Amino acid sequence: MTELSYEVVVRMLRTAGCVFAEDEATLLLASAQSAGELTRMVERRVSGEPLEVVVGWAEFCGLRIEIDPGVFVPRMRTEFLVDESARLVELVRLVLPSDEPVVVLDLCCGSGALGVALAETLDTDVELYSVDIDPAAVECARRNTEPVGGLVLQGDLDAPLPEHLRGRVEVLLANVPYVPSGVIGSMPAEARLHEPWVTLDGGPDGLDVLRRVAALAPRWLAPGAHVLVETSDAQAEEARAIFEAVGLTARVAVDVDREATAIVGTLVAD
Ligand SMILES: C[S@@+](CC[C@H](N)C(=O)[O-])C[C@H]1O[C@@H](n2cnc3c(N)ncnc32)[C@H](O)[C@@H]1O
């Protein structure tokens, strides 16, 4: 089989509506091991599969995170949750005995990207637990978290967590699905057709899973510990109120450059 040339791949991608056709072509040519594989990869991309799924990995916080078909592709804006968490862990570290690891919980972990990135960022021992309801995500997260020694559990939010974690979690990260159900139909095809409904759907106002995470957080957080979730700009005030209603102090954090909004809740120490 004759290998597709760079120019032909660029033309095919551009015709299919890929905005960064040149960059994508370079990546596809570098990733394919044979002419046949390149053709198959270009066909998949042209049919609308996310580039990260086609090549099998996404860059997140400077790391290469493996992505399997059907697993949510971590977005660059979500790096903000990791950066904010890392800053908070520095403060936690000041009061924890130096030989104790920081316990991190990544709920709705998808590929496991957030927990892995946080563990890799921190200059301290981390005990990482990651949970997802979707078996494909769990399998993918297990491979990604292996280098940092994380434990990945399958189940509904906190249902599979071991009892000994109660009151011990220092940072709870949860990039939950937060798209209002009625809006999913107007999302770009890449997400709408290739990322499962369970990764996107947050119920009528997009905040159903977030409400459940807020309700469970106080059970698992250590005194003074933090829970961080991503929301849209429009949801932020309502989400903050949800956190406060369960007894957490809460603030909205914004990163204008990455167009990211996060709610940071804290369990006030007695
Ligand atoms: C928006 S994706 C985020 C994935 C990952 N945290 C990231 O940012 O790349 C939401 C994830 O939540 C998972 N999920 C949805 N409902 C869940 C539930 N009730 N319990 C556990 N995981 C859930 C989905 O399978 C999906 O992987």
Side-chain angles (χ1 to χ4, degrees), residues 50-53 56-85 104-121 128-145 148 150-161 171-181 183-184 187-188 190-192 194-203 206-217 219-220 227-232 235 239 255 258-263:
L51 179 68
E52 294 84 350
V53 176
W57 60 275
E59 188 177 327
F60 187 75
C61 293
L63 301 169
R64 189 182 272 227
I65 302 291
E66 290 188 32
I67 303 293
D68 294 339
V71 176
F72 187 84
V73 176
R75 310 299 204 256
M76 197 192 286
R77 66 171 167 272
T78 308
E79 293 181 355
F80 181 50
L81 276 192
V82 176
D83 293 348
E84 281 288 293
S85 304
V104 172
L105 174 58
D106 180 6
L107 288 183
C108 296
C109 69
S111 63
L114 277 67
V116 174
L118 183 58
E120 291 281 10
T121 303
L128 171 65
Y129 299 84
S130 309
V131 180
D132 203 284
I133 201 162
D134 176 22
V138 168
E139 158 137 16
C140 184
R142 286 202 171 121
R143 292 202 310 279
N144 284 318
T145 55
V148 297
L151 179 66
V152 184
L153 301 162
Q154 187 186 337
D156 182 17
L157 298 181
D158 62 344
L161 292 178
V171 177
L172 195 173
L173 288 160
N175 186 23
V176 302
Y178 62 85
V179 183
S181 312
V183 175
I184 296 176
M187 288 182 79
E190 258 182 55
R192 182 167 39 85
H194 295 281
E195 288 181 316
W197 195 265
V198 69
T199 70
L200 305 171
D201 186 17
L207 296 172
D208 278 3
V209 188
L210 184 147
R211 277 187 192 86
R212 294 184 58 211
V213 168
L216 67 83
R219 279 202 292 283
W220 301 99
V227 48
L228 296 95
V229 297
E230 185 176 288
T231 66
S232 71
Q235 293 166 328
D255 181 326
R258 286 182 281 200
E259 296 182 7
T261 304
I263 312 301

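Remember, predicted model here, so these are calculated numbers, not experimental data. Counting convention: from 1, in listed order, for ligands and their atoms alike.
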| If you measure from atom 6 (N) of ligand 1 to every heavy atom of C108, A136, A159, G110, which option wins on shortest distance? | C108

| Hey, does R219 have a side-chain heavy atom less than 4.5 Å from the side chain of D158? | yes

| Are there more than 12 heavy atoms of other residues, nucleotides or ligands under 6.0 Å from atom CE of M187? | yes

| task | Could you establish whether A174 and ligand 1 come within less than 4.0 Å of each other, counting only heavy atoms on the residue side? | result | no

| message | With a cutoff of 4.0 Å, is V209 in contact with ligand 1, counting heavy atoms of the residue only? | response | no

| query | At what distance is the nearest protein heavy atom to atom 18 (C) of ligand 1, and which residue and atom is it? | reply | D156 OD1, 3.7 Å

| remark: of all protein heavy atoms, closest to atom 22 (N) of ligand 1 is I133 N, 3.2 Å

| message | Keeping S181 on the side-chain end and G203 on the backbone end, is there a donor-acceptor pair under 3.5 Å? | response | yes

| query | Non-hydrogen atoms of P177 versus ligand 1: any pair closer than 4.0 Å? | reply | yes

| field | Proximity of L114 to ligand 1 by residue part, where a heavy atom lies under 4.0 Å | value | side chain

| Among protein heavy atoms, which lies nearest atom 8 (O) of ligand 1, and at what distance? | N175 ND2, 2.8 Å

| task | For ligand 1, indicate whether the residue A113 contacts it via side chain, backbone, both or neither (heavy-atom separation under 4.0 Å). | result | neither

| task | Report, in ascending order of atom number, the atoms of ligand 1 lying under 4.0 Å from any heavy atom of P74. | result | 9 (O)

| query | Counting both backbone and side chain atoms, is some N or O of V176 under 3.5 Å from an N or O of ligand 1? | reply | no

| Can a salt bridge be assigned to the pair E195 and R75 using a cut-off of 4.0 Å between side-chain N and carboxylate O? | yes

| query | Counting distance only, does the side-chain N/O of E66 pair as donor-acceptor with the main-chain N or O of R143 below 3.5 Å? | reply | no

| task | Under 4.0 Å, heavy atoms only, figure out whether ligand 1 is touched by the backbone of P196, its side chain, both or neither. | result | neither

| task | Check for a donor-acceptor pair, side chain of D156 on one end and backbone N or O of A159 on the other, with a separation under 3.5 Å. | result | no

| remark: Near G155 (heavy-atom distance under 4.0 Å), the atoms of ligand 1 are 20 (N), 21 (C)

| Option whose closest heavy atom lies nearest to atom 27 (O) of ligand 1, chosen from D132, T199, V213 | D132

| task | Around atom 5 (C) of ligand 1, find the nearest protein heavy atom and jot down its residue, atom name and distance. | result | C109 O, 3.3 Å

| message | What I want to know is whether L157 and ligand 1 share at least one N or O pair that is separated by under 3.5 angstrom. | response | yes

